[in-house]
2 protein chains.
Amino acid sequence: MTGVPAVSGPVAGGTASHRIADALRAAILDGGYQPGERIRQEDVAARSGASRIPVREALRLLEAEGLVTLVANSGAWVARLTLAECAELYQIRERLEPLLLRASLPGLDGAALGRMADLAAAMESLAGDVDAFLRADREFHLASYAAAAPGETTQVIGRMWNRTQHYRREFTRLASRRASLDATHLEHRLLLDCLRRDDADDAERVLVMHIRRTRLELSGHPEIFG
Amino acid sequence: MTGVPAVSGPVAGGTASHRIADALRAAILDGGYQPGERIRQEDVAARSGASRIPVREALRLLEAEGLVTLVANSGAWVARLTLAECAELYQIRERLEPLLLRASLPGLDGAALGRMADLAAAMESLAGDVDAFLRADREFHLASYAAAAPGETTQVIGRMWNRTQHYRREFTRLASRRASLDATHLEHRLLLDCLRRDDADDAERVLVMHIRRTRLELSGHPEIFG
DNA sequence: TGCGCCGTCAATGTATCCAATCTAACGGCA
DNA sequence: TGCCGTTAGATTGGATACATTGACGGCGCA
């Protein structure tokens, strides 16, 4: 229940709906709920000590974020993606993340780049711990965008990361077993180099290739989406 | 209340929340509600013959779409954009719409291109009627994407169009008064030509320039965002 | 006269209760 | 024995009623 830096996280004020939505989101991202798993309103209500009304609003919120699928008069399930849907989210990322990176680049200072270097190094040594790798990878990329003014682009990209989180976990599990994250590590270093050189064009290119390669490798593992 | 081809339109099942959300969305897009205007839950409930519960869920939905701004314990307002926020949405469009156009291009047949040509011609003669122009422009561009499999990209782009609708209307009002939509018309013809030639790269380029020029012209009219 | 406190009111947030709908198990029938 | 209609249960959707929060205006005081 801890650890994932929630993108649309505990920002919103004290209303119960938001608290519940935050808790559910964290549970889904951490794998406490699996894709396809049913979410019963009363269960959530009981666990959060509230009535079903705020739970319903929380579910609506998560549906809008794409994390939950609601069917009228039937129920709520943790959203699952087909391979094609997941690939589409990655294509959106390929187009939008370079935009955000470009906006962030001028504001990235030495401290931010240092933190990113630490994370990149950590990922290379963390080959075994999938969840730690996921957290570091997420923080690495989000850190590269952190100097951009938060706005719609950040929101959209955050939703893409959240929606694909489970499949990234499964893929990383596979890849780490075969010790085949070398390309990832290399691209992270390349990206850092572009940022240090303040070269936005190169950074965009590297980032596009990084996301695209991941997408193509994901497409090679349709069994993840079974 | 009619006319706007709602992007996230009356798709969803019979639940009252969705009906109310559809009605509110249409009202906002048509200008029945102005940006910054307050939306009272009881008003909407009374008008739609339902209680406040489904109204609240509808408002949550529209908040997620970016059309409504909710403040806890305070109320709901029709979302308003600053010039910077609007420009950001246009930058997202610059990156994503070419992607969608490329996906749609192979499936565009003669009928679709013919319809687009009709709409382009209509826009050129419709110089006076702002709302008719807006409808035609929207249908023109959405038609160019219609052959792509509906997915997240379509959704995101639709939301961008919806959120900027009001400001496009105001801008068009200004531009049509000065008869300065010539560049728009020209770009529409160029785009159609690329599509007829089945040239995806050129089409992407023209579309990017089309959206970017609009963004820059919008930036020249900060008074719209007062 | 201007600032700040307090009371009233309106609008939202939440809980409880009832109705409508879907699911699944059961039994009848071919 | 397999299929289908029926019925009972569970679960969600919605309405009403109450609690809570925030806003506005009046009053007192400096």
Side-chain angles (χ1 to χ4, degrees), chain A residues 8-28 32-80, chain B residues 8-28 32-80:
Chain A
S8 202
V11 177
T15 130
S17 319
H18 284 96
R19 278 205 333 271
I20 296 172
D22 289 338
L24 275 176
R25 187 187 302 110
I28 293 173
Y33 280 104
Q34 293 287 313
E37 191 174 340
R38 178 148 193 193
I39 305 176
R40 253 175 278 273
Q41 297 183 357
E42 294 210 59
D43 285 10
V44 180
R47 255 196 288 280
S48 59
S51 85
R52 279 173 40 223
I53 298 283
V55 173
R56 288 171 46 175
E57 300 193 353
L59 289 175
R60 277 267 150 68
L61 225 143
L62 297 178
E63 182 194 27
E65 293 178 15
L67 288 177
V68 161
T69 303
L70 285 176
V71 178
N73 293 316
S74 178
W77 288 264
V78 178
R80 75 189 315 165
Chain B
S8 203
V11 176
T15 130
S17 321
H18 284 96
R19 277 206 334 270
I20 296 172
D22 289 339
L24 275 176
R25 188 187 302 111
I28 293 173
Y33 280 104
Q34 292 288 312
E37 191 174 340
R38 179 149 193 193
I39 305 176
R40 254 176 275 275
Q41 298 182 357
E42 296 211 55
D43 284 11
V44 180
R47 254 196 289 279
S48 59
S51 86
R52 278 172 42 225
I53 299 283
V55 173
R56 292 168 54 90
E57 302 192 350
L59 289 175
R60 279 267 149 69
L61 224 142
L62 296 178
E63 182 195 27
E65 293 179 14
L67 289 177
V68 161
T69 302
L70 285 175
V71 178
N73 293 316
S74 178
W77 289 263
V78 178
R80 74 188 315 163

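Atom set for the values below is all heavy atoms of this structure, side chains included, hydrogens, waters and symmetry mates excluded. Just so we're on the same page: letters track the sequence lines, and every chain starts at 1. Everything numeric in this text was worked out from a predicted model, so none of it was measured.
Going from atom CZ of B:R60 over to atom P of C:dT12 covers 12 Å, rounded to whole Å. Atom CD1 of B:I53 and atom P of C:dA20 are 18 Å apart (whole Å). In this structure, the CG atom of B:D43 is 8 Å from the P atom of C:dT12, given to the nearest Å. Here D:dC24 presents its P atom at 15 Å from CG of B:N73, a figure rounded to the nearest Å. Note: CZ (A:R56) to P (D:dG14) measures 6 Å, nearest angstrom. Between the P atom of D:dG13 and the CD atom of A:E57 lies a distance of 13 Å, rounded to the nearest Å. Atom CD in A:Q41 sits about 6 Å away from atom C1' in D:dT12, given to the nearest Å.
Contacts of A:R40 with the nucleic acid, taken as non-hydrogen atoms under 4.0 Å apart, involve only primed sugar atoms and P, OP1 or OP2. Among the heavy atoms of the strands, none lies under 4.0 Å from A:I20. When heavy atoms are screened at a 4.0 angstrom cut-off, B:A76 is found touching no nucleic acid atom at all.
Nearest to the side chain of A:S74, among C:dC17, C:dT23, D:dT11, sits C:dT23.
Mapping A:R38 and A:R52 onto DNA chain C by nearest heavy atom places A:R52 closer to the 5' end of the strand.
Between A:R19 and A:D22 there is no salt bridge, since no side-chain N of the basic residue sits under 4.0 Å from a carboxylate O of the acidic one.
In summary, of the residues considered (A:E63, A:E65, A:E57), a salt bridge (charged side-chain N to carboxylate O under 4.0 Å, His left out) with B:R60 occurs for A:E57 alone.
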